[in-house]
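Computed from a predicted structure; not experimentally measured.
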Amino acid sequence: MTSLSVEMLAAEPVEPITSAGHAQLGIAVLAGIAVIVLLITKFKLHAFLALTIGTLALGAIAGAPLDKAIESFSAGLGSTVAGVGVLIALGAILGKLLADSGGADQIVDTILAKAGGRSMPWAMVLIASVIGLPLFFEVGIVLLIPVVLMVAKRGNYSLMRIGIPALAGLSVMHGLIPPHPGPLVAIDTVKADLGVTLALGLLVAIPTVVIAGPMFSKYAARWVDVPAPEKMIPQRTSDDLEKRPGFGVTIATVLLPVVLMLAKALVDIVIDDPENTVQRVFDVVGSPLIALLAAVLVGIFTLGRAAGFTKDRISTTVEKSLGPIAGILLIVGAGGGFKQTLIDSGVGQMILDISEDWSIPALLLAWLIAVAIRLATGSATVATISAAGLVAPLAADMSTAHASLLVLAIGAGSLFFSHVNDAGFWLVKEYFGLDVGQTIKTWSVMETIISVVAGGVVLLLSLVI
């Protein structure tokens with residue numbers, strides 16, 4: 001089975017770094033997570049520092065020697081960044097090229113020109129889902145908010161009728177579809193196949209985004225009927241450009257890595273012969289590193305040069321794309337360190353034992369753990385990384401498809417009920433000019449619908465594949 005995993009920078013211990021019993025390990029896990037939650041929510045400490053301190057607390061309470069806990073944390077951080085760091089960077093570059101060149105605006109304008117009336121919420125879902133593939137959630141929100149507000153105002157639509165479908169499309173991509181950081185790390189942790197996860201993720205995403213987007217937006221618009229706030233309509237990126245890339249070539253560039261990775265998964269299933277030349281070629285071109293790198297190189301010409309960017313302007317765009325992801329890389333890396341400490345402390349085995357004793361389906365257990373951490377920390381990425389580390393041993397005897405479904409169950413759980421400890425909650429509140437109660441009725445309920453529907457679809461798929 002092909003996966004994103006790379007060789008550990010430091011060998012994983014054969015024996016757990018502590019001989020603590022289940023009760024002590026359970027207390028250590030709860031204490032470690034509690035420390036992380038308290039530092040993030042009460043003391044507003046950066047998630048990277050909170051995860052680092054929480055990991056040390058976990059190791060100490062579990063009775064592990066401090067030097068061993070530090071070794072586990074460092075090994076996990078190193079292997080996680082080695083596995084997904086470059087992919088996150090490439091995704092950020094592609095997203096920045098898409099935004100700065102006006103390619104994103106071209107997609108938006110083309111689809112909106114052909115949509116109207118009752119089809120507008122569906123058009124917003126389509127726009128958000130396509131643009132959301134290479135973009136981080138926060139970037140996608142900033143990019144789409146002007147469009148949502150202008151469409152709502154000019155077309156005299158309810159803000160929630162237009163805004164909820166756009167937010168649903170972005171959120172589903174963020175939680176379920178690689179190359180977003182959470183799904184990438186979960187794939188790496190449980191040793192799932194990226195192409196299969198991507199294919200099943202798209203299958204799960206379609207009904208989820210339909211129910212949480214256009215369908216739920218009808219009710220959200222009744223519950224919260226607010227106009228588009230004038231002061232929040234900023235200038236669009238492409239308004240200052242003399243030209244921008246065409247619709248077709250922009251779509252092709254955005255979907256290129258997805259097509260390459262899905263093609264690899266399909267060839268692996270059809271041929272299933274590691275020595276076959278065709279399969280070996282697709283194993284290379286369909287690997288996430290090559291697929292994203294190819295998209296970036298193609299994007300430099302189809303997006304950057306098409307917008308009239310000089311070589312210096314393209315270089316500047318690439319440089320500016322990397323700065324904002326430093327914090328994300330550190331959080332993802334520290335999450336990997338926390339995950340490795342959980343595994344090396346014997347917590348993973350404890351979860352395996354508990355799941356067998358309680359007869360809880362692995363996919364449901366993964367979803368519940370991700371939900372609990374999401375509610376506590378407010379971070380979908382932290383919830384995904386931590387939950388993946390806890391349930392990784394459950395994937396040992398799973399088929400390729402079920403390992404991918406485990407990743408998707410974690411991703412679904414990580415989106416459950418965004419509230420006041422989530423940065424995304426406040427981002428939506430301020431951009432849409434809502435109060436806290438209105439944000440909970442719309443955004444928070446939408447996130448919960450996404451989590452429950454996606455989790456349910458994952459469980460249904462597990463019964464038939």
Shortest non-hydrogen contact between [X] and [Y], atoms and distance:
X: Ala362; Y: Leu394; value: CB-CD1, 3.9 Å
X: Ile465; Y: Ala401; value: CD1-CB, 3.9 Å
X: Gly337; Y: Thr55; value: O-CG2, 4.2 Å
X: Leu25; Y: Ala62; value: CD2-CB, 4.0 Å
X: Thr384; Y: Ala186; value: CG2-CB, 3.8 Å
X: Leu292; Y: Leu87; value: CD1-O, 3.8 Å

Parallel, tilted or perpendicular, judged at 30° and 60°: which one describes the rings of His46 and Phe48?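 Ring orientation, 0 to 90° scale: perpendicular.
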Decide yes or no for [X] and [Y]: does some side-chain heavy atom of the first lie under 4.5 Å from some side-chain heavy atom of the second?
X: Val318; Y: Lys96; value: no
X: Leu262; Y: Leu202; value: yes
X: Phe425; Y: Ile440; value: yes
X: Leu126; Y: Trp122; value: no
X: Trp367; Y: Ile410; value: no
X: Pro214; Y: Val125; value: yes
X: Pro183; Y: Ile177; value: no
X: Ser217; Y: Met160; value: no

Going through the distances and angles, do Lys264 and Val285 end up as a side-chain contact (heavy atoms from CB on, under 4.5 Å)? CA-CA 8 Å; Lys264 172 191 175 300; Val285 299; over 6 Å; no
Is the side chain of [X] donor-acceptor paired with the backbone N or O of [Y] at a distance under 3.5 Å, no angle test?
X: Gln24; Y: Ile61; result: yes
X: Ser74; Y: Glu71; result: no
X: Ser451; Y: Thr448; result: no
X: His180; Y: Gly132; result: yes

Evaluation steps, side-chain contact (heavy atoms from CB on, under 4.5 Å), between Val226 and Gln438: CA-CA 10 Å; Val226 293; Gln438 290 171 329; 3.7 Å; yes
Quick one: pull up [atom1] in [X] and [atom2] in [Y] and give me the separation to the nearest 0.5 Å.
X: Ser321; Y: Leu98; atom1: OG; atom2: CG; result: 12.5 Å
X: Met173; Y: Ile131; atom1: CE; atom2: CD1; result: 12.0 Å
X: Leu363; Y: Leu408; atom1: CG; atom2: CG; result: 9.5 Å
X: Ser462; Y: Leu200; atom1: OG; atom2: CG; result: 11.0 Å
X: Ser345; Y: Leu58; atom1: OG; atom2: CG; result: 5.0 Å
X: Phe338; Y: Leu342; atom1: CZ; atom2: CG; result: 4.5 Å

Please check if any side-chain donor atom of Ser72 sits under 3.5 Å from a side-chain acceptor atom of Thr341, or the reverse.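 Thr341 and Ser72 do not have a side-chain donor-acceptor pair below 3.5 Å.
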Ile373, Thr381, Val391 screened by side-chain contact (heavy atoms from CB on, under 4.5 Å) with Ser386, the one that passes: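 Considering Ile373, Thr381, Val391, a side-chain contact (heavy atoms from CB on, under 4.5 Å) with Ser386 is found only for Ile373.
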For a side-chain contact (heavy atoms from CB on, under 4.5 Å) with Leu406, tell me which candidate from Thr189, Ile187, Val190, Thr197 qualifies.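 When side-chain contact (heavy atoms from CB on, under 4.5 Å) is applied between Leu406 and each of Thr189, Ile187, Val190, Thr197, only Val190 qualifies.
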Just do the salt bridge (charged side-chain N to carboxylate O under 4.0 Å, His left out) check on Glu447 and Arg374 with the steps written out, would you? CA-CA 11 Å; Glu447 286 284 86; Arg374 159 68 160 184; 3.1 Å; yes
Lys/Arg cation over aromatic Tyr219: Arg222, 6.0 Å, 45° cone: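 Arg222 over Tyr219 ring: yes.
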Check the surroundings of atom CG in Asp67: do more than 12 heavy atoms from other residues, nucleotides or ligands lie under 6.0 Å from it?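 Counting other residues, nucleotides and ligands, CG of Asp67 exceeds 12 neighbours.
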Atom NZ of residue position Lys429 - does it have more than 12 heavy atoms of other residues, nucleotides or ligands inside 6.0 Å?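 Check passes, neighbour count above 12.
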Derivation and outcome, side-chain contact (heavy atoms from CB on, under 4.5 Å), residues Asp188 and Leu184: CA-CA 6 Å; Asp188 188 47; Leu184 279 177; over 6 Å; no
side-chain contact (heavy atoms from CB on, under 4.5 Å) between Ile53 and Leu45: does it pass, once the steps are laid out? CA-CA 11 Å; Ile53 296 170; Leu45 202 61; 4.0 Å; yes
Does the separation of the ring centres of Tyr431 and Trp443 fall below 6.0 angstrom?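 Centroid distance Tyr431-Trp443: not below 6.0 Å, so no.
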